[in-house]
Number of protein chains: 2
Amino acid sequence: MPAKKGGLGQLARRTFREQIVEALRTSIISGVLPPGAQIVESEMALTFGVSRGPLREALGDLIKEGLLVTVPYTGTHVVDLSLDEVNEIFSLRTELEIFAFRQVWENRDEAYFAELNARHDRLLASIASGDDESSIVDELGLHSHVYEACGHSLLLSVWNGLRGKLQLYWAAHHRAHGRRGPLPEGHKRYVELAQGDDLDAMIEEIRDHMVRGFSKTETFLRARENLK
Amino acid sequence: MPAKKGGLGQLARRTFREQIVEALRTSIISGVLPPGAQIVESEMALTFGVSRGPLREALGDLIKEGLLVTVPYTGTHVVDLSLDEVNEIFSLRTELEIFAFRQVWENRDEAYFAELNARHDRLLASIASGDDESSIVDELGLHSHVYEACGHSLLLSVWNGLRGKLQLYWAAHHRAHGRRGPLPEGHKRYVELAQGDDLDAMIEEIRDHMVRGFSKTETFLRARENLK
DNA sequence: CAACGGTCGATTGTCAACAATCAGCGATGG
DNA sequence: CCATCGCTGATTGTTGACAATCGACCGTTG
């Protein structure tokens with residue numbers, strides 16, 4: 001009678017599919033599966049110790065999420081984002097984040113400020129520790145805050161869709177060129193303004209922030225293309 | 001334009017999954033499967049004459065698309081949108097459509113104007129014919145134009161994600177209260193401004209258009225809730 | 001020697017059977 | 001009376017085998 005239910009501890013009783021999605025997403029973002037790598041269902045099923053059914057569904061999720069692409073009867077590969085696609089992500093993201101701030105602006109409270117600063121501190125700690133990968137995660141986590149706080153669940157889900165691709169691109173990017181995580185002062189003004197009273201200044205900062213982020217990315221990529 | 005009929009014979013060589021997705025989406029939107037209806041995999045597989053495997057994957061697509069919801073080991077149902085969710089769709093859509101017009105504004109050409117008017121004419125024809133369902137499709141098709149024309153593929157894919165839910169909601173809505181499709185003059189100003197030179201006026205019209213659309217929807221829904 | 005056509009291996013698409021899980025209901029015992 | 005346990009039917013989760021399709025290789029042929 002080991003029927004231990006509802007334990008407060010972790011019950012890893014999720015469905016295989018979810019576990020596979022999570023594991024695969026981690027593998028893709030961490031670079032174990034680099035952009036362009038082919039995913040063979042039978043092999044992958046073997047490595048995870050499951051059948052092709054659940055694995056296939058997990059792949060389907062990641063395809064919908066935009067981390068994988070597939071051609072019928074031919075093969076499935078990790079996406080290889082082009083500069084144009086990253087540009088689209090940044091430009092759309094700019095609009096979404098401005099919209100999110102507009103939604104939340106009048107409803108900011110103590111809890112909001114506290115969480116914002118907590119996430120910023122976490123980002124600074126990751127940067128200080130030199131862990132490039134968690135710096136990326138924490139940077140995205142900081143930006144996620146406004147989406148979570150604005151109470152617009154649809155907006156949040158769209159952002160989460162972009163977030164994965166962005167993380168993938170940055171991670172692959174940082175691996176390609178030496179470690180170059182976010183700068184410690186990169187979000188100073190962003191966080192300050194997010195707690196201030198000037199919404200227009202905040203909006204301006206978002207646009208600047210995105211333009212800076214994209215041009216930094218662009219510079220790196222152009223350099224790489226010139227090299228090869 | 002959507003390549004409807006290829007020059008050569010239509011090769012219906014698509015995979016079952018795609019055909020099922022399309023058929024199911026049609027059934028959901030047309031109301032054959034009303035909001036809240038349960039989808040049983042085994043029954044549905046029998047209906048389509050396929051195995052549960054492909055059907056399951058099709059359901060997965062529609063779940064990702066937001067037309068179905070599922071709870072593990074329990075059941076899958078057609079989504080039943082709340083007023084809040086529709087409000088979110090309208091508010092997000094407003095921002096996206098404004099962004100799309102900003103992107104396309106300086107690149108509009110003769111082909112753009114021609115297609116815009118063609119879609120408007122199609123909408124007017126559907127309304128005149130009294131076919132409520134194709135009026136909805138054509139109204140959404142008119143709005144789709146700017147997303148397709150602006151050259152932002154990511155924005156287009158986000159819009160397509162919203163489009164399905166919107167169509168579902170409107171169709172269910174129009175069935176619940178007598179036929180009340182879009183009005184013939186509803187897009188007159190929209191189409192005129194989209195061909196003019198005043199971007200600010202266009203943006204203002206989009207905001208107005210969405211507010212009108214949502215408040216009309218809201219009025220209907222409140223009325224229904226008061227009745228029951 | 002270049003274009004054609006068929007064969008072959010690899011990979012995904014599809015199937016039917018089996019196992020795990022859940023919601024509801026009734027028996028049971030306090 | 002009612003809270004709990006275990007049973008039962010329904011539904012989804014998972015599996016391994018089989019079929020369809022694609023791309024590349026290679027021999028043939030003009």
Side-chain angles (χ1 to χ4, degrees), chain A residues 1-7 9-24 27-28 33-80, chain B residues 6 8-24 27-28 33-34 36-80:
Chain A
M1 47 183 284
K4 52 193 73 170
K5 63 166 186 180
Q10 74 211 358
L11 57 158
R13 227 56 180 109
R14 296 170 304 172
T15 139
F16 282 176
R17 169 186 185 155
E18 299 174 50
Q19 302 183 48
I20 297 171
V21 166
E22 192 165 319
L24 268 181
S27 294
I28 293 172
L33 297 170
Q38 182 174 17
I39 309 283
V40 179
E41 294 179 0
S42 50
E43 292 179 7
M44 204 54 67
L46 215 58
T47 59
F48 280 111
V50 299
S51 173
R52 271 184 60 214
L55 184 114
R56 230 175 121 72
E57 302 195 352
L59 292 186
D61 284 357
L62 292 172
I63 290 168
K64 274 272 173 182
E65 200 172 313
L67 262 46
L68 298 177
V69 291
T70 187
V71 179
Y73 290 108
T74 303
T76 305
H77 296 77
V78 179
V79 297
D80 198 359
Chain B
L8 306 179
Q10 260 314 44
L11 54 159
R13 260 350 189 149
R14 295 171 306 170
T15 123
F16 282 176
R17 169 187 186 154
E18 298 175 52
Q19 301 183 48
I20 297 170
V21 166
E22 192 164 321
L24 268 182
S27 293
I28 292 172
L33 296 171
Q38 182 173 18
I39 310 283
V40 179
E41 294 179 359
S42 50
E43 291 179 7
M44 203 54 67
L46 216 58
T47 307
F48 282 109
V50 300
S51 173
R52 271 183 60 212
L55 184 113
R56 234 175 118 72
E57 302 195 353
L59 292 186
D61 284 358
L62 293 172
I63 289 169
K64 275 272 174 183
E65 204 169 305
L67 262 46
L68 298 177
V69 290
T70 187
V71 32
Y73 290 109
T74 302
T76 305
H77 296 78
V78 178
V79 70
D80 197 359

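Computation of the quantities below employed the complete heavy-atom set of this structure, encompassing side-chain atoms and omitting hydrogens, waters and symmetry-equivalent molecules. What you are looking at is a predicted structure, and each value in this text was computed from that prediction instead of being measured. Residue numbering restarts at 1 for every chain, and letters A, B, ... go by the order of the sequence lines.
Annotation for B:R17 and B:A58: closest pair O-CB, 3.9 Å, computed over non-hydrogen atoms. Shown here for A:D80 and A:P35, the closest heavy-atom pair between the two residues is OD1-CB, 3.7 Å. In this structure, A:T74 and A:Q38 approach most closely via the heavy-atom pair O-NE2, 4.1 Å.
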Step by step, would you call A:L59 with A:T70 a side-chain contact (heavy atoms from CB on, under 4.5 Å)?
CA-CA 9 Å; A:L59 292 186; A:T70 187; over 6 Å; no
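In terms of phosphate contacts, A:T15 brings a side-chain nitrogen or oxygen within less than 4.0 Å of OP1 or OP2 of D:dT14.
Rounded to whole angstrom, the span from the CZ atom of A:F16 across to the P atom of C:dC18 amounts to 19 Å. Rounded to an integer number of Å, the gap from A:Y73 OH to C:dT11 C1' is 11 Å. If you take NE2 of B:H77 and C1' of D:dA10, they are 12 Å apart, rounded to a whole angstrom.
Contacts of residues 64-71 of chain A with DNA chain D (heavy atom under 4.0 Å): none. A heavy-atom distance below 4.0 Å to DNA chain D is reached by these residues of residues 40-59 of chain B, ordered by number: B:V40, B:E41, B:R52, B:R56.
The nucleotide whose nearest atom lies closest to any side-chain atom of A:R17 is, among C:dT11, C:dT14, D:dT14, D:dT14.
For the atom pair CD (B:E43) and CG (B:L46), the distance works out to 8.5 Å, reported to the nearest 0.5 Å.
In this structure, the side chains of B:D61 and B:I20 stay at 4.5 Å or more apart for every pair of heavy atoms. Annotation: side chain of B:I63 is not in contact with side chain of B:V69 (no heavy-atom distance under 4.5 Å). Residues A:L62 and A:L24 form a side-chain contact, since some pair of their non-hydrogen atoms from C-beta on lies under 4.5 Å apart.
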